[in-house]
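We count ligands from 1, going down the list as the structure has it; atoms in each ligand are counted the same way.
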Amino acid sequence: MADDTPRGLRRNLTNYGDAGFAIYLRRSFARSMGYSPDMLDRPIVGIAQTASGFNNCHRHVPELVEAVKRGVMHAGGLPLEFPTISLGEIFLNPTSLVFRNLMSIDTEEMMRAQPMDACVLIGGCDKTVPAQLMGAASADISAIQLVTGPMMAMPYRGERLGACTDCRRFWAKYRAGEVDDEGIHEVEGNLATTAGTCAVMGTASTMACIAEALGMALPDTAAIPAVHADRLRAAEASGRRALALAREGLIPSRIITPASVRNALRVLLAIGGSTNAIVHLTAVAGRRGIGISLEELNRLSDETPVLVDLKPTGQHYMQDFHAAGGMQALLHELRDLLELDCIGVSGETLRERLERTPHYVDRNVIRPRSDPFQNVGGLAALFGSLAPRGAIIKRSAADARLFEREGRAVVFESLEDLARRIDDPSLDVTPEDFLVLKNAGPCSTTGMPEAGYLPIPRKLAQQGLKDMVRISDARMSGTAYGTVVLHVAPDAASGGPLAFVHEGDRIRLSVRERRLDLLVGAEEMARRRAGFVPPPIPARGYARLYAEQILQADQGCDFGFLRG
Ligand code: FES
């Protein structure tokens with residue numbers, strides 16, 4: 001912070017045309033909250049407080065806030081918490097993604113408008129961390145990301161259950177008739193049993209690791225379980241460090257750079273992370289004017305093995321990753337692939353950080369480079385006549401036997417159409433067909449739901465079929481698995497080729513060649529395109545802003561006017 005920069009309450013004065021009056025009035029009103037004049041002279045650390053009755057993953061945020069405050073006070077600052085929008089993944093209609101950009105605007109504007117020298121951003125559930133990182137990247141005010149941490153996977157009838165890979169596993173069994181009504185009701189009460197985010201390497205956990213890999217969270221804080229005492233110590237340390245960040249002028253634009261974004265991509269690939277994270281990381285980087293090309297993703301993916309054996313790709317849970325050595329151990333394994341001059345919120349470079357060897361590594365969970373869990377990265381981008389701007393497949397969580405094939409399209413025009421027909425015994429479908437879902441992309445009225453993991457048609461599930469090729473412009477939960485092609489861009493609602501796939505068309509998938517092609521001639525496609533009508537723009541409110549501004553998945557589904 002330069003010496004002439006106003007600090008604490010003197011920052012961002014309310015406009016009265018009289019600065020002296022503004023600070024006098026502000027101090028007066030701040031004193032009404034019981035602060036002594038000495039406290040009001042301190043630099044201020046804002047704490048973005050996202051506890052909400054509609055967000056189970058954040059139910060311990062008040063406890064984290066208290067620990068952050070302890071750290072700020074210890075460092076000589078004044079901690080002031082403020083509320084922002086909170087996005088509980090399971091509680092939002094049409095989807096949480098629709099509101100991610102709104103939360104990023106809220107975070108950015110409140111960081112900028114209120115008098116804070118630095119900010120601790122407490123987030124966790126899927127869209128909250130990307131929204132906070134996007135907001136901080138745009139506000140460019142010193143900020144530390146503190147994640148709420150993952151839930152514990154607790155034992156149930158002799159096996160551990162953790163949201164939400166196990167949610168899907170049991171739901172698939174229920175659909176196949178292997179679990180009855182009473183059984184699924186009992187499982188429902190045992191999937192998510194503690195505070196914190198989903199217990200596997202889903203989107204929340206992936207974004208926690210990405211925040212740390214970017215340098216926006218303190219070292220080794222990504223994987224600490226929500227209920228572990230170390231989580232509170234991480235909160236205290238984040239509060240203590242936030243003030244130093246402001247003093248050192250360490251702002252997001254110095255931390256989020258092309259090199260740190262590449263490091264974050266490497267980590268995303270090495271953890272077998274969520275497909276959603278590529279959308280979110282693209283949006284965060286985009287706020288600083290940094291592009292991520294899907295071609296580069298493919299290059300990095302081919303060089304970066306999956307090292308972490310966690311669900312949904314593998315078998316363990318986030319608590320095991322933490323106990324196995326966590327991010328410090330993982331980054332050590334990736335060391336020669338990383339760009340080590342990147343600086344993080346700790347104030348040290350990645351090189352300096354990695355001079356510390358991990359205390360312990362459990363090789364059952366974090367594999368060595370010489371014996372990876374999978375030889376190549378978890379994600380791959382596909383291109384072709386069906387996806388001119390790309391599509392994503394999580395090859396680490398898919399059945400490789402389905403990667404090279406041609407299939408007949410079984411088309412669902414919308415989510416409603418899918419719900420209506422997928423379990424119809426007369427549905428004309430075989431295990432070799434490709435299920436295609438349209439109008440579930442960012443420009444659709446559905447808000448790009450996590451519907452890309454189309455259910456196996458009941459009649460095939462009951463025959464024991466576990467996986468088949470599924471293609472859509474939707475997203476997929478980071479906790480899901482299967483041969484699922486997602487984020488097809490441009491999406492159907494914007495008039496992309498996906499909109500013009502007809503029942504019975506042939507589609508060719510080749511993960512090896514990174515291709516996704518609709519085998520329909522140009523003339524026929526032109527004929528089909530002629531009658532295209534885009535969805536109507538809503539008349540008012542945020543829905544209208546969303547419809548007018550939303551970008552495609554390859555641009556992070558950000559709003560056009562928010563990008564850097
Ligand atoms: Fe919040 Fe999964 S529902 S992280």
Side-chain angles (χ1 to χ4, degrees), residues 48-61 64 84-100 103 121-133 145-154 160-171 187-212 217 221-228 231 268 271-277 279-281 310-313 317-319 321-322 394 397 447-453 475-481:
Q49 208 279 73
T50 53
S52 161
F54 294 97
N55 193 340
N56 60 291
C57 303
H58 290 204
R59 79 165 149 95
H60 58 310
V61 166
L64 294 175
T84 71
I85 296 169
S86 185
L87 304 176
E89 186 64 20
I90 313 301
F91 294 90
L92 288 155
N93 177 274
T95 65
S96 62
L97 180 69
V98 165
F99 302 103
R100 182 202 63 181
M103 183 175 174
L121 304 160
I122 306 181
C125 196
D126 289 17
K127 308 303 178 294
T128 59
V129 169
Q132 291 181 325
L133 291 174
Q145 181 76 59
L146 173 68
V147 297
T148 58
M151 290 179 204
M152 300 296 287
M154 300 299 287
R160 289 189 299 168
L161 295 190
C164 211
T165 303
D166 296 323
C167 317
R168 295 172 201 287
R169 184 163 59 86
F170 275 95
W171 190 248
V187 167
E188 178 191 287
N190 287 279
L191 286 165
T193 52
T194 77
T197 50
C198 288
V200 299
M201 192 54 84
T203 304
S205 300
T206 305
M207 288 310 301
C209 295
I210 280 181
E212 185 175 329
T221 58
I224 305 168
V227 296
H228 198 300
R231 175 56 58 202
L268 164 62
I271 59 180
S274 161
T275 47
N276 286 317
V279 173
H280 298 320
L281 183 57
L310 247 64
K311 291 185 184 212
T313 300
Y317 294 92
M318 279 300 281
Q319 68 207 62
F321 179 49
H322 175 63
K394 187 172 184 177
M448 204 181 185
E450 290 184 337
Y453 174 72
R475 295 176 301 120
M476 173 172 87
S477 165
T479 60
Y481 46 87

Decide if atom CZ of Phe91 counts as having more than 12 heavy atoms of other residues, nucleotides or ligands within a radius under 6.0 Å.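 Check passes, neighbour count above 12.
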Heavy-atom contacts with [X] under 4.0 Å: which atoms of ligand 1 show up? List them by number with element.
| X | answer |
| --- | --- |
| Thr197 | 4 (S) |
| Asp126 | 2 (Fe), 4 (S) |
| Cys198 | 2 (Fe), 3 (S), 4 (S) |
| Cys125 | 1 (Fe), 3 (S), 4 (S) |
| Glu89 | 3 (S) |
| Cys57 | 1 (Fe), 3 (S), 4 (S) |
| Ala204 | 4 (S) |

For [X] and [Y], does a side-chain donor sit closer than 3.5 Å to a side-chain acceptor?
| X | Y | answer |
| --- | --- | --- |
| Ser477 | Arg168 | yes |
| Thr165 | Lys311 | no |
| Asn55 | Glu89 | no |
| His58 | Thr50 | yes |

Between atom CD1 of Ile210 and atom CG of Leu133, what is the distance when rounded to the nearest 0.5 Å?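 Rounded to the nearest 0.5 Å, the CD1-CG separation comes out at 9.5 Å.
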